[in-house]
Trainee: 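What follows is a structure written as structure tokens; I'll ask about it next.
To find a chain, count down the sequence lines: A is the first, B the second, and so on, and within it residues start at 1.
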Number of protein chains: 2
Amino acid sequence: MTIHDVAAAAGVSISTASKALNNTGRMGAETRERVKRIAGEIGFRPNALARGLLSKRSFTIGLLTNDTYGRFTLPVMAGISEALVDHGVSVFLCAIEDDPALGQIHVDAMLDKQVDGIIASGKRLDRRLPVDLSSLPVPVVYAFTEGSENSVTLRSDDAQGARLAVEWLAKLGRRRIAHITGPEDFFSVRERASAYREVAGDVEPVLYGIWAESWGHEAVGAIWDRPGEKPDAVFCGNDQIARGVVDALRERGVRVPEDVSVVGFDNWEILAAQTRPPLTSIDMGLKELGREAGLTVLALAEGRPVEPGVRKLPCRLVVRQSCGGMSPTE
Amino acid sequence: MTIHDVAAAAGVSISTASKALNNTGRMGAETRERVKRIAGEIGFRPNALARGLLSKRSFTIGLLTNDTYGRFTLPVMAGISEALVDHGVSVFLCAIEDDPALGQIHVDAMLDKQVDGIIASGKRLDRRLPVDLSSLPVPVVYAFTEGSENSVTLRSDDAQGARLAVEWLAKLGRRRIAHITGPEDFFSVRERASAYREVAGDVEPVLYGIWAESWGHEAVGAIWDRPGEKPDAVFCGNDQIARGVVDALRERGVRVPEDVSVVGFDNWEILAAQTRPPLTSIDMGLKELGREAGLTVLALAEGRPVEPGVRKLPCRLVVRQSCGGMSPTE
DNA sequence: CTGAAAGCGCTTACAG
DNA sequence: CTGAAAGCGCTTACAG
């Protein structure tokens with residue numbers, strides 16, 4: 001089923017057939033309709049390869065990621081796909097672990113296939129992918145990973161997210177808010193911690209550790225075993241830590257949210273919803289981030305101008321039950 | 001940079017250049033080498049679109065999935081990608097939720113782009129994707145989802161996995177093994193339960209519920225609150241349930257693994273490893289399943305014969321600490 | 001051993 | 001208003 005078949009069936013030339021189907025050129029409305037109808041009847045679908053060869057557009061982009069676990073990449077991917085499917089653009093997913101050779105192979109494969117652009121994504125804002133994308137013949141957008149010079153980079157606004165969490169706790173009347181978080185060498189950890197400090201003051205400590213439930217447990221032990229006043233709230237660096245904190249508090253007979261409010265970060269549905277009580281958490285809006293990344297790489301591919309630099313997208317608070325309080329009333 | 005540039009730079013015709021680069025035709029070894037060297041020097045990369053137009057192979061396949069959460073699809077995807085990258089094949093990821101219209105859009109987009117084949121994947125063995133793939137012009141392989149008549153379908157061997165779990169418990173000396181699992185309308189639930197029955201006998205009950213920690217909790221309550229002898233082991237339908245079971249037992253002062261051994265299913269790393277104690281679990285080998293699916297669709301695309309029907313891939317036991325015992329000595 | 005020509009399926013100036 | 005021709009970048013019979 002090629003355009004030749006359509007042309008033959010409609011009794012016109014292939015140029016006319018092409019123009020009819022693409023709504024270009026000028027011809028009798030009746031002719032155009034007839035060609036379209038016949039194309040539909042014989043099930044003609046234009047070959048995107050042939051079309052791409054001419055137009056220099058493949059309607060294809062590549063998503064490169066080293067987040068094999070997919071916790072971050074998957075929502076990003078969903079957003080990209082959702083935004084681009086309407087434009088007829090399909091997405092190659094390339095999981096490259098942290099292997100530079102594998103990364104290069106995938107980049108080469110994508111370039112061979114004439115992708116219109118590449119989105120680089122990762123699991124950490126302050127690390128680069130193990131492959132250099134800075135001088136490719138196609139546009140590159142960085143989403144949730146460190147970008148190269150003068151590139152377009154999209155990331156979540158972790159400071160604003162942290163503020164959102166702590167302000168919510170303050171609004172609920174909490175005054176002694178502790179912060180239990182991940183490793184200090186993470187940029188996002190430092191950014192969240194300093195936003196926390198601004199809002200919460202320094203009545204309670206920041207405890208740096210690892211991204212694990214066990215660390216949440218341990219930190220609660222350290223805080224609650226020391227003498228003196230205890231926190232009435234804990235802002236956690238992610239949901240895993242928050243889960244550990246909630247479980248540890250329950251085991252000590254401290255009631256959540258009556259005695260202590262807990263906020264997580266990531267809004268990792270499966271974890272946040274299964275915790276008892278379900279976690280109030282900060283959502284980084286990764287799907288929205290993916291959507292923006294998709295639209296941005298598309299704009300670049302079409303030659304529309306895009307301001308380079310880092311663009312921060314807002315986080316939002318998702319209220320469940322670990323803080324008490326109703327859903328946020330502005 | 002096209003083959004014209006290579007030909008010009010090497011002082012040969014484009015036919016000769018093409019043949020030199022593809023190791024076809026006959027020519028002086030010296031000419032061939034020179035062309036190759038020059039191609040490398042000017043950074044020539046053949047346009048896969050043009051190549052695909054001739055060869056009728058795009059070196060592209062599509063992965064269709066309704067598992068937006070990605071728990072199952074992601075390992076499958078990793079396996080597919082890993083198997084195919086060596087063959088120069090790239091993968092379109094199409095997340096279609098459960099939306100038939102969206103599914104059709106993605107299928108059409110893939111066909112337009114001349115994919116060499118499609119792999120359909122899901123989150124449930126006994127459900128079909130919301131789109132009919134049974135009479136496409138390209139080969140289709142089903143992985144971890146119900147396939148159509150006479151298709152090639154790959155799935156995990158849940159009965160064998162369940163047997164592995166229960167036999168492991170028996171080997172550790174457990175005699176009263178309960179089974180707490182998901183909804184009975186899941187095919188895999190029934191298959192696991194009946195394999196469990198065969199090995200464990202009927203001293204303890206099968207409790208059907210939902211795929212949630214809360215159900216694990218609740219089921220432990222039901223069992224331990226009734227009078228009479230208690231189980232000395234629990235085989236759980238998935239890791240979430242197992243986590244609920246382990247937590248509930250701990251809260252009752254029942255020691256895991258000293259008093260009761262617990263086995264999960266799925267080997268969902270992030271959950272299994274964070275449970276205290278870490279969960280021994282059954283791994284469905286989804287990455288291997290993806291690898292097989294990739295190689296199978298490739299074989300089909302190349303016209304090699306593939307036996308239709310359902311192929312079950314073996315599960316394996318991953319030993320952590322929730323059962324006691326050493327790593328399986330086989 | 002090497003090159004001119006035809007062609008993959010399509011689009012787009014350009015004639016008529 | 002419609003069609004013949006050239007061409008996107010490549011490969012592959014077929015001549016020479």
Side-chain angles (χ1 to χ4, degrees), chain A residues 1-36 38-39 42-60 88 108-116 137-138 301, chain B residues 1-36 38-39 42-60 88 108-116 137-138 301:
Chain A
M1 279 306 130
T2 76
I3 199 168
H4 286 93
D5 301 304
V6 177
V12 296
S13 72
I14 58 164
S15 350
T16 300
S18 172
K19 277 175 287 196
L21 295 171
N22 292 302
N23 285 321
T24 56
R26 30 194 70 263
M27 73 186 59
E30 181 268 334
T31 311
R32 197 184 290 278
E33 285 316 313
R34 184 163 46 86
V35 173
K36 283 184 175 179
I38 289 175
I42 67 176
F44 168 72
R45 311 209 52 116
N47 182 323
L49 264 35
R51 198 180 266 226
L53 198 52
L54 275 299
S55 67
K56 306 292 178 198
R57 284 281 315 270
S58 65
F59 289 89
T60 277
D108 288 346
M110 293 195 287
L111 293 178
D112 288 354
K113 280 157 191 154
Q114 312 294 118
V115 290
D116 297 330
V138 298
Chain B
M1 279 305 132
T2 76
I3 200 168
H4 286 92
D5 302 303
V6 176
V12 295
S13 72
I14 57 164
S15 350
T16 302
S18 173
K19 278 175 286 197
L21 295 170
N22 293 301
N23 286 321
T24 56
R26 29 195 71 263
M27 74 186 58
E30 180 268 334
T31 310
R32 196 183 291 277
E33 284 317 312
R34 184 164 46 86
V35 172
K36 283 184 174 178
I38 289 176
I42 67 177
F44 167 73
R45 312 208 50 113
N47 182 324
L49 264 34
R51 199 181 265 228
L53 199 51
L54 273 301
S55 67
K56 307 291 178 198
R57 284 281 315 267
S58 64
F59 288 90
T60 277
D108 288 345
M110 293 195 288
L111 293 178
D112 287 353
K113 280 158 190 153
Q114 314 293 121
V115 291
D116 297 330
V138 299

Trainee: Could you check A/M27 against B/I3 and say which one's nearest nucleotide on DNA chain D is further toward the 5' end?
Mentor: A/M27

Trainee: Assess whether one donor atom and one acceptor atom, taken from the side chain of B/S15 and the base of C/dA4, lie less than 3.5 Å apart.
Mentor: yes

Trainee: Over all strands shown, is B/T24 touching base, sugar-phosphate only, or nothing at heavy-atom distances under 4.0 angstrom?
Mentor: nothing

Trainee: Could you tell me which nucleotide pairs with D/dA13 by Watson-Crick or G-U wobble geometry, both distances under 3.5 Å, or answer none if nothing does?
Mentor: none

Trainee: Could you state the atom-to-atom distance from CG of B/L54 to P of C/dA6 in whole Å?
Mentor: 16 Å

Trainee: What does A/R26 touch in the nucleic acid at a heavy-atom separation under 4.0 angstrom: a base, only the sugar-phosphate, or nothing?
Mentor: base

Trainee: Give B/R32 one of three labels, base, sugar-phosphate or nothing, depending on what nucleic acid heavy atoms sit under 4.0 Å from its own.
Mentor: nothing

Trainee: By the 4.0 Å heavy-atom rule, please label A/K56 as base, sugar-phosphate, or nothing.
Mentor: sugar-phosphate

Trainee: Would you mind reading off the distance between B/K113 atom NZ and C/dC10 atom C1', rounded to a whole angstrom?
Mentor: 16 Å

Trainee: With a 3.5 angstrom cut-off on both distances, give the Watson-Crick or G-U wobble partner of C/dA4, or none if there isn't one.
Mentor: none

Trainee: How do B/G28 and A/L49 order along DNA chain C: which one's closest nucleotide is nearer the 5' end?
Mentor: B/G28

Trainee: Nearest to the side chain of B/S13, which nucleotide is it out of C/dT11, C/dA4, D/dT11?
Mentor: C/dA4

Trainee: I want to verify a distance call: between C/dG9, D/dG9, C/dT12, whose nearest atom is closest to the B/N47 side chain?
Mentor: D/dG9

Trainee: Please classify the nucleic acid contact of A/R57 as base, sugar-phosphate, or nothing, using heavy-atom distances under 4.0 Å.
Mentor: nothing

